[in-house]
S.K.: 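Below is one structure. I have some questions about it.
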Amino acid sequence: MDFFQTLQTLLLASTPHEKIKGFNAFYTYYCNSNETVRHSHKQPIRFTAPSYASYCHMVPPQQVPRRKNLQSTEGQIALVHAVAHIEYSAIDLALDAAYRFQNLPQRFYDDWLEVADEEIRHFQMLETILHDLGSYYGDLSVHNALFEAQERTAHSLLHRMAVVPRYLEANGLDATPQIIEKLQRLPRHDRLTQIIEALRVIVDEEIDHVRKGDYWFGYACTLEEVSKACYFDIVKLYYPNTFQKPRHINVNGRKASGFTCNELKQLTQRHICD
Ligand SMILES: [Fe+2]
Ligand SMILES: [Fe+2]
């Protein structure tokens with residue numbers, strides 16, 4: 001099996017069905033064979049559009065449908081669709097890490113394929129809820145912010161690990177519990193319970209994705225002979241004003257995924273742990 005060529009095909013697959021079916025066959029083979037990744041001399045290609053470009057209607061982030069009333073079916077569809085889109089984009093982000101950054105230890109490829117497998121499960125959980133709500137993935141407009149982060153960091157393992165798992169996915173660790181709390185304040189309803197359960201599974205499992213990102217960010221720092229303190233400078237290159245706003249963070253989730261108290265202090269401008 002040509003590992004990198006297969007990943008390229010999976011990254012280009014333009015529908016969820018094609019991507020997930022292809023990944024499942026590939027991942028079963030990968031887990032059951034004892035083959036190690038054979039590195040090729042072929043340069044990874046750059047993607048000019050996200051794989052869902054022909055499947056979903058793309059709009060600027062401000063134009064994505066809002067989830068105003070979470071008690072209404074419409075509001076629930078907007079919420080679940082938005083999270084499903086993050087998970088779907090995260091499948092490509094994980095596959096792209098394994099595809100693009102070559103000549104790394106086997107564990108790197110094991111890690112990101114495991115993440116892709118979990119992102120698929122997250123996506124499918126939400127897709128099931130969307131179907132129950134009478135909707136489907138691709139029903140609403142989406143933005144391509146995660147794809148942009150993927151492409152902008154395609155040149156550097158250090159930047160990719162800082163920006164994608166350690167910044168964007170870590171932000172999810174902060175945001176998802178807040179959404180859960182908001183849903184818990186609403187009158188109880190089976191559908192809301194189903195959404196809350198799915199979000200709980202996601203936030204729990206995302207801790208491990210950020211932890212893997214933390215490990216490989218540290219590895220990239222060693223390769224490039226820089227200190228992990230460069231994290232803030234790298235993130236600011238891509239999101240210049242992001243650390244200026246006050247933020248509510250998930251201290252336990254962030255600590256479990258490798259952030260130090262010193263970093264959390266820098267993030268929040270407050271002393272929140274020792
Ligand atoms: Fe996920
Ligand atoms: Fe993730």
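Counting starts at 1 for both ligands and their atoms, in listed order.
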S.K.: With sequence neighbours left out, write down each residue that passes side-chain contact (heavy atoms from CB on, under 4.5 Å) with Lys42, or none if nothing qualifies.
M.R.: Asp2, Gln5, Ser40
S.K.: Does Arg107 come within less than 4.0 Å of Asp111, counting only side-chain N to carboxylate O?
M.R.: yes
S.K.: Examine all N, O or S atoms of Glu205, backbone included, and report whether one is under 2.8 Å from the Fe ion (ligand 1).
M.R.: no
S.K.: Please determine whether a side-chain nitrogen of the Lys or Arg among Lys228 and Glu263 lies less than 4.0 Å from a carboxylate oxygen of the Asp or Glu.
M.R.: no
S.K.: Would you check if the Fe ion (ligand 2) lies under 2.8 Å from any N, O or S atom of His209?
M.R.: yes
S.K.: Apply salt bridge (charged side-chain N to carboxylate O under 4.0 Å, His left out) to Glu114 and list each qualifying residue two or more places apart in sequence or on a separate chain.
M.R.: Lys212
S.K.: The Fe ion (ligand 1) as vertex, arms to ND1 of His122 and OE2 of Glu206: angle to 10°?
M.R.: 100°
S.K.: In Glu169, what N, O or S atom is nearest to the Fe ion (ligand 2), if we give its atom name?
M.R.: OE2
S.K.: Go through it in stages, so that I can follow the logic: the residues are Asp214 and Arg211, the test is salt bridge (charged side-chain N to carboxylate O under 4.0 Å, His left out), and I'd like the CA-CA distance, side-chain angles, deciding distance and then a yes or no.
M.R.: CA-CA 5 Å; Asp214 178 63; Arg211 185 166 40 214; over 6 Å; no
S.K.: Please calculate the OE1(Glu119)-the Fe ion (ligand 1)-OE1(Glu87) angle and round it to 10 degrees.
M.R.: 90°
